[in-house]
Amino acid sequence: MSKVVKFGGSSLASAEQFRKVGEIIKADPTRKYVVPSAPGKRFKDDTKVTDMLYACYDLAEQDKDFSDALAKIAARYQEIIDGLGLELSLEEEFSLIEKNFKEKAGKNYAASRGEYLNGIIMADYLGFTFIDAATVIKFTEDGMLDADLTDELLSARLADCDCAVVPGFYGSMPDGTVRTFSRGGSDITGSIVAKAAKVDVYENWTDVSGFLIADPRIIDNPVGIEVITYKELRELSYMGAGVLHEDAIFPVRQQGIPINIRNTNAPEDAGTWIVGSTCQKSKYVITGIAGKKGFCSVNIEKDMMNSEIGFGRKVLQAFEENGISFEHVPSGIDTMTVFVHQDEFMHKEQKVVAGIHRLAQPDSIEIESDLALIAVVGRGMKSTRGTAGRIFSALAHANVNVRMIDQGSSEQNIIIGVANADFEAAIKAVYDIFVVTRL
Ligand code: ASP
């Protein structure tokens, strides 16, 4: 049995947090491969080291003096080293970083140093082997992860050591220059390492005890999710429920390795398991609710639309020509509605409308703004009668007017459109009916 353990920035923001992480790793000898993020926020208005590095490199790029900014970053690490009582010195590393910043080594290099240095500290603290991610995580010429080469290099390197630290967030291009993933990308590194090391579990340690059924800013103390499938997670993340980087799923999913989201500040909590599929039913029929405000609907009407072959394509072409992606397209006999992000659509609205008229000759087009979309997700919905009925009666009781319903063919997901102003009330009503009263 072996595990990869990835720790997020808030889990490694200070010496105190490092100690908690050390305890967690020592408590279980199967936790052999560690992927650290850069130090995150220690308190609410603190700055993440990654952001400090970006800002510092900005100065360097403009040929401004960046010595103070770099000294502040060095101080963050020194505080951790001192707090842990380590002998380690990062002086040489910082001289090299300073030199490379002066030589304009690039934004990616700059940002990657957050994880790189934290990895050095972590390896020293734990007595594990340090593996520079630039030597084992490889990108292709066009900046995509070279999954095969990475897997080959990384598994060979890991075979050489019993326990290792691989810093998150970065790798290197074919010419050796450093490249990072998008923000939050240490989650992806954790998944890549889990795949290469063929571990049994990928533990992803953060500052919450897994996923919650609904957003705690809307629902007081929502219940946690014990088990969620990759598919359900994808639906919920798309609607804004973030904890894990979206691209972190793919490498482990290919190998059937489950992800366990855990809380560094409450290690006794079981957290959430993310799995390929499961026979475990979720307790409440629904697995989760998530949603976003700020959508517009474009309602297009045309008599006999349904028998006109190619009508939908022509309508969507008008959106495509203006570089707008659509979210949902529910349709009726003579109507078709296209949901788009309001902020993207607003500036191009008249061009799109003109495009639809030109391409599809509809009878009328109406635009409604300030709508919210809510996804009610659950693998249990398929085998339970009346789920949609319960949702809509709950919404009716809460005086929420439903503007759109879209049930995906996977039957794992019902999307509801409501006015922005009804968003919170709608989520509360759905949560109440399934989780609180469980009617
Ligand atoms: N440190 C990087 C960030 O702040 C990557 C990560 O934490 O996953 O986005």
Side-chain angles (χ1 to χ4, degrees), residues 4-14 17-18 20-21 33-58 69-70 72-74 76-77 79-80 90 93 97 105-123 130-134 136-137 139 143 145 150 165-172 178-195 202-208 211 233 237 240-252 259-265 274:
V4 162
V5 282
K6 180 261 168 183
F7 291 90
S10 58
S11 301
L12 299 168
S14 64
Q17 290 297 88
F18 254 80
K20 290 186 194 169
V21 167
Y33 309 106
V34 183
V35 176
S37 282
K41 293 183 181 195
R42 292 161 295 183
F43 41 87
K44 193 169 158 274
D45 293 323
D46 199 12
T47 311
K48 288 178 163 193
V49 164
T50 308
D51 291 314
M52 295 170 86
L53 283 160
Y54 278 126
C56 179
Y57 187 72
D58 258 1
L70 196 60
K72 281 195 183 120
I73 297 167
R76 288 279 315 253
Y77 286 103
E79 199 183 292
I80 296 173
L90 294 179
E93 294 290 351
I97 292 171
K107 240 181 148 137
N108 280 256
Y109 165 80
S112 74
R113 295 306 86 184
E115 274 60 18
Y116 171 79
L117 296 168
N118 235 15
I120 292 177
I121 299 179
M122 178 66 89
F130 173 76
I131 300 175
D132 183 354
V136 284
I137 295 191
F139 290 89
L145 173 73
T150 298
V165 174
V166 184
F169 193 37
Y170 72 95
S172 66
V178 167
R179 180 176 174 89
T180 60
F181 293 108
S182 55
R183 293 301 300 264
S186 299
D187 285 341
I188 309 173
T189 310
S191 186
I192 292 169
V193 176
K195 179 184 170 199
Y202 168 21
E203 286 181 350
N204 188 297
W205 291 80
T206 174
D207 51 9
V208 289
F211 289 94
L233 178 63
S237 316
V243 166
L244 191 72
H245 193 297
E246 264 199 89
D247 298 343
I249 305 275
F250 192 64
V252 283
I259 306 175
N260 186 197
I261 307 283
R262 299 287 291 268
N263 188 350
T264 301
N265 305 317
I274 308 169

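Counting starts at 1 for both ligands and their atoms, following the listed order. Nothing here was measured: the structure is a model prediction, and the numbers come from that model.
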Identified side-chain hydrogen bond (donor to acceptor under 3.5 Å, both in side chains) partner of Ser10 from the options Asn265, Asp207, Asp46: Asp207

Separation of Ile274 CD1 from Leu233 CG (nearest 0.5 Å): 5.0 Å

Distance (rounded to the nearest 0.5 Å) between Glu93 CD and Arg113 CZ: 7.5 Å

Within the 4.0 Å heavy-atom sphere of ligand 1, strictly under, residues: Ser37, Lys48, Thr50, Glu115, Phe169, Arg183, Gly184, Gly185, Ser186

Ser11: side-chain contact (heavy atoms from CB on, under 4.5 Å) partners, not counting sequence neighbours: Phe7, Val21, Thr264

Min side-chain heavy-atom separation Tyr77-Ile121 under 4.5 Å: yes

Met122 vs Phe130 side-chain heavy atoms within contact, under 4.5 Å: no

